[in-house]
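Just so you know, these numbers come straight off a predicted model, no measurement behind them.
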Amino acid sequence: MTAPEPLEALPEDWTKALAVVAHPDDLEFGAAAAIARWTGQGKEIVYVLLTSGEAGIDGIAPAESGPLREAEQIESARIVGVSVVEFLGQPDGTIEYSVALRRLIAGVIRKYQPEIVITNNFWDTWDGDAMLNQADHINTGKATLDAVRDAANRWIFPDEGERWGGVRQVWAGGSPKSKHAVDTTDTFDVGVDSLKAHKAYIDGLNWPHFDPAEFLEGISRAHGTRLGTTYAAAFEVFTP
């Protein structure tokens, strides 16, 4: 059996990042420990959630679930040192890739002016084979990548704020094509606590034996082995 290729350490010579994902909990299923590491270094990170995850709990109607999941996400972000969490009110479960979505995301990029934009895996699968990804994740990631370029072009969406061409890279967490990673050994437990904050969502999954620490350890230890650390979070890197 061929050993997996080593992962390259992500650069950390930046100060501001913007995380754009589809739902509450998307960042916590892998990237939150990395966020905790970076905020611990004094970096400024803002969360932008396209939806409130209102369709994510089968046993709770959207009108109740949305505010509940927003509150869990705000607490989850606080645990890893993020104080700004913005919800954009898009429809959970039916996000479509569109010019309108690119416009919306380009506007928040111009608003927060990050150097790094973080999103989730937007390939068709999580494992490069059979574990299917969700349409919301796919469309959010693709629109985010395009919105970075849009935000840098003064002639595209000129009514969405002053152009921002300062995004150096886009990092997609959990991608099966990841070639980079960050050491999360010292912040692994914080990442676990951040996932545990999504209690209503986890309970609603009806996975009676789900253990957040065990789940994250399985992913993080495998990435850590490839980075040469105990734990790590892996990302695919795109340069606009």
Student: Can Leu205 be reached from Met131 by stepping across I, L, V, M, F, W or Y side chains whose heavy atoms are under 4.5 Å apart?
Tutor: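 Met131 and Leu205: separate clusters.
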Student: What do you reckon, is NZ of Lys142 surrounded by more than 12 foreign heavy atoms closer than 6.0 Å?
Tutor: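 No, because the 6.0 Å sphere around NZ of Lys142 holds 12 heavy atoms or fewer from other groups.
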Student: Counting only heavy atoms not in Asp203, do more than 12 sit closer than 6.0 Å to its CG atom?
Tutor: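 Yes, the 6.0 Å shell around CG holds more than 12 heavy atoms from other groups.
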Student: Any donor and acceptor pair, going by atom type alone, linking the side chain of Ser175 with main-chain N or O of Phe235 inside 3.5 Å?
Tutor: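 Side chain of Ser175 to backbone of Phe235: no pair is present.
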Student: Would you call Arg78 and Glu75 a salt bridge, taking side-chain N to carboxylate O under 4.0 Å as the test?
Tutor: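 Looking at Glu75 together with Arg78, the answer is yes, because their closest N to O distance falls below 4.0 Å.
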Student: When you compare the side chain of Glu86 with that of Leu18, does any pair of heavy atoms fall below 4.5 Å?
Tutor: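 Sidechains of Glu86 and Leu18: no contact.
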Student: Going from CG on Asn153 to CZ on Arg149, what distance comes out if it is rounded to the nearest 0.5 angstrom?
Tutor: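 The distance works out to 11.5 Å.
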Student: Run the numbers on Glu217 and Phe188 for side-chain contact (heavy atoms from CB on, under 4.5 Å), then give the verdict.
Tutor: CA-CA 8 Å; Glu217 181 176 0; Phe188 174 79; 3.8 Å; yes
Student: Taking Ser52 as the fixed residue, which of Arg69, Glu70, Gln73 is the one that meets the side-chain hydrogen bond (donor to acceptor under 3.5 Å, both in side chains) rule?
Tutor: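 Option passing the side-chain hydrogen bond (donor to acceptor under 3.5 Å, both in side chains) with Ser52: Glu70.
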Student: Can you find a pair of side-chain heavy atoms, one from Ile202 and one from Leu195, that are under 4.5 Å apart?
Tutor: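 Sidechains of Leu195 and Ile202: in contact.
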Student: When you measure from the centre of the six-membered ring of Phe157, is the NZ or CZ of Arg102 closer than 6.0 Å and no more than 45° off the axis?
Tutor: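 Verdict for Phe157: no cation-pi partner in Arg102.
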Student: Is there a side-chain contact between Trp38 and Ile116, using heavy atoms and a 4.5 Å cut-off?
Tutor: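 No - every pair of side-chain heavy atoms lies 4.5 Å or more apart.
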Student: Is the shortest side-chain heavy-atom distance between Pro114 and Val167 below 4.5 Å?
Tutor: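 Yes; the side chains approach each other to less than 4.5 Å.
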Student: Between atom OG of Ser83 and atom CD1 of Ile74, what is the distance when rounded to the nearest 0.5 Å?
Tutor: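 With rounding to 0.5 Å, OG (Ser83) is 11.0 Å from CD1 (Ile74).
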Student: Would you say the side-chain atoms of Thr125 pair up with the backbone N or O of Ala130, donor to acceptor, closer than 3.5 Å?
Tutor: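 Not at all, since once roles are kept as given, no pair shorter than 3.5 Å links the two residues.
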Student: Report the relative orientation of the aromatic rings in Phe215 and Phe210; use parallel for angles under 30°, tilted for 30 to 60°, perpendicular for over 60°.
Tutor: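 Aromatic pair Phe215/Phe210 classed tilted.
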Student: If only atom types and distance count, is the side chain of Arg226 paired as donor or acceptor with the main-chain N or O of Glu5 below 3.5 Å?
Tutor: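 Yes, Arg226 side chain to Glu5 backbone: donor-acceptor pair under 3.5 Å.
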Student: Checking Thr225 side chain against Arg221 main chain: does a donor-acceptor pair fall under 3.5 Å?
Tutor: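 Answer holds: yes.
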Student: If you measure from NZ on Lys111 to CD on Glu162, what distance do you get to the nearest 0.5 Å?
Tutor: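 Result: 16.0 Å between the selected atoms.
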Student: Determine whether a donor-acceptor pair (N or O, by modelled atom type, separation under 3.5 Å) exists between the side chain of Thr239 and the backbone of Gln169.
Tutor: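 Here the side-chain-to-backbone pair does not exist.
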Student: Looking only at heavy atoms, which two atoms of Trp14 and Pro11 are closest? And how far apart?
Tutor: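 Looks like NE1-O, 3.0 Å.
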Student: Going by heavy atoms in the side chains, are Thr51 and Pro91 under 4.5 Å from each other?
Tutor: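 Answer no - side chains too far apart.
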Student: Could you point out which residue of Val108, Asn139, Asp136, Leu101 forms a side-chain contact (heavy atoms from CB on, under 4.5 Å) with Leu50?
Tutor: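 Only one option passes, and that is Leu101.
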Student: Check whether any side-chain heavy atom of Asp25 sits under 4.5 Å from a side-chain heavy atom of Glu72, and report yes or no.
Tutor: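 Side chain of Asp25 against side chain of Glu72, heavy atoms only: no contact under 4.5 Å found.
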Student: Membership question, hydrophobic clusters at under 4.5 Å side-chain separation (ILVMFWY): are Phe87 and Tyr47 in the same one?
Tutor: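 Yes; tracing contacts between hydrophobic side chains, which count when under 4.5 Å, links both residues.
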Student: What heavy-atom pair brings Phe122 and Gly141 nearest, and what distance separates the two atoms?
Tutor: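 Reported closest heavy-atom pair: CD2-CA, 3.5 Å.
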Student: Verify, without hydrogens or angle tests, whether Thr39 (side chain) and Ala36 (backbone) share a donor-acceptor contact under 3.5 angstrom.
Tutor: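 Yes, because the side chain of Thr39 sits within donor-acceptor range (under 3.5 Å) of the backbone of Ala36.
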Student: Taking the side chain from Lys43 and the backbone from Ala17, do they hold a donor-acceptor pair closer than 3.5 Å?
Tutor: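 The answer is no, because no donor-acceptor pair under 3.5 Å joins these two groups.
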Student: Can you check whether His180 reaches Trp171 side chain to side chain, under 4.5 Å on heavy atoms?
Tutor: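 No, every pair of side-chain atoms sits at 4.5 Å or beyond.
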Student: Looking at Glu28 and His198, would you say the former's side chain and the latter's main chain have a donor-acceptor pair under 3.5 Å?
Tutor: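 No: the side chain of Glu28 does not pair with the backbone of His198.
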Student: Measuring from His137:NE2 to Thr119:OG1, what's the distance to the nearest 0.5 Å?
Tutor: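 OG1 of Thr119 is found 9.0 Å from NE2 of His137.
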Student: Where do Val148 and Pro240 come nearest, in terms of heavy atoms and distance?
Tutor: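 Smallest interatomic distance, heavy atoms only, reads CG1-CG, 3.5 Å.
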Student: Using a 4.5 Å cut-off on heavy atoms from C-beta on, say whether the side chain of Asp183 contacts that of Arg37.
Tutor: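 Side chain of Arg37 against side chain of Asp183, heavy atoms only: contact under 4.5 Å found.
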Student: Is there a chain of hydrophobic side chains (I, L, V, M, F, W, Y, each step under 4.5 Å between heavy atoms) that links Ile118 to Leu216?
Tutor: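 As far as the 4.5 Å side-chain criterion goes, Leu216 and Ile118 are not connected within one cluster.
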Student: Show me the pairs that pass side-chain hydrogen bond (donor to acceptor under 3.5 Å, both in side chains) and involve residues 87-97, at least two apart or across chains.
Tutor: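 Sorted result for residues 87-97: His23-Asp92, Tyr97-Asp146.
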Student: State, to 0.1 Å, how close Pro67 and Pro62 come at their nearest heavy-atom pair, and which atoms those are.
Tutor: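 Heavy atoms only, the tightest pair is CD-O, 4.2 Å.
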Student: Which heavy atom of Val85 sits nearest a heavy atom of Ala77, and at what distance?
Tutor: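 That would be CG2-CB, 3.6 Å.
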Student: Under a 4.5 Å side-chain heavy-atom rule over Ile, Leu, Val, Met, Phe, Trp and Tyr, are Val84 and Ile105 clustered together?
Tutor: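 Val84 clusters together with Ile105.
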Student: Could you give the distance from CG (Asp124) to CG (Leu132), rounded to the nearest 0.5 Å?
Tutor: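 Separation between the atoms: 8.0 Å.
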Student: Distance only, no hydrogens: is a donor on one side chain within 3.5 Å (strictly under) of an acceptor on the other, for Trp123 and Glu236?
Tutor: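 The answer is yes; a qualifying pair exists.
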Student: Please confirm whether the backbone N or O of Lys16 pairs with a side-chain atom of Glu115, one donor and one acceptor, at under 3.5 Å?
Tutor: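 Between the backbone of Lys16 and the side chain of Glu115 there is a qualifying donor-acceptor contact (under 3.5 Å).
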Student: To the nearest 0.5 Å, what is the distance between OG (Ser98) and CG (Leu104)?
Tutor: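 Atom-to-atom, Ser98:OG and Leu104:CG are 9.0 Å apart.
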Student: Please identify which of these residues, Thr187, Val80, Ile79, meets the side-chain contact (heavy atoms from CB on, under 4.5 Å) condition with Ile35.
Tutor: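 That would be Val80; it is the only one of Thr187, Val80, Ile79 passing the side-chain contact (heavy atoms from CB on, under 4.5 Å) with Ile35.
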Student: Is it true that Ile45 and Leu10 fall in one hydrophobic cluster, defined by side-chain heavy atoms closer than 4.5 Å?
Tutor: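 In one cluster: yes.
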Student: For Pro176 and Asn121, work out which heavy atoms get closest and say how close.
Tutor: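 Shortest heavy-atom separation between Pro176 and Asn121 comes out as CD-OD1, 3.4 Å.
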Student: Between Thr140 and Val21 (side chain of the first, backbone of the second, donor and acceptor by atom type, cut-off under 3.5 Å), is there such a pair?
Tutor: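 It does not hold such a pair.
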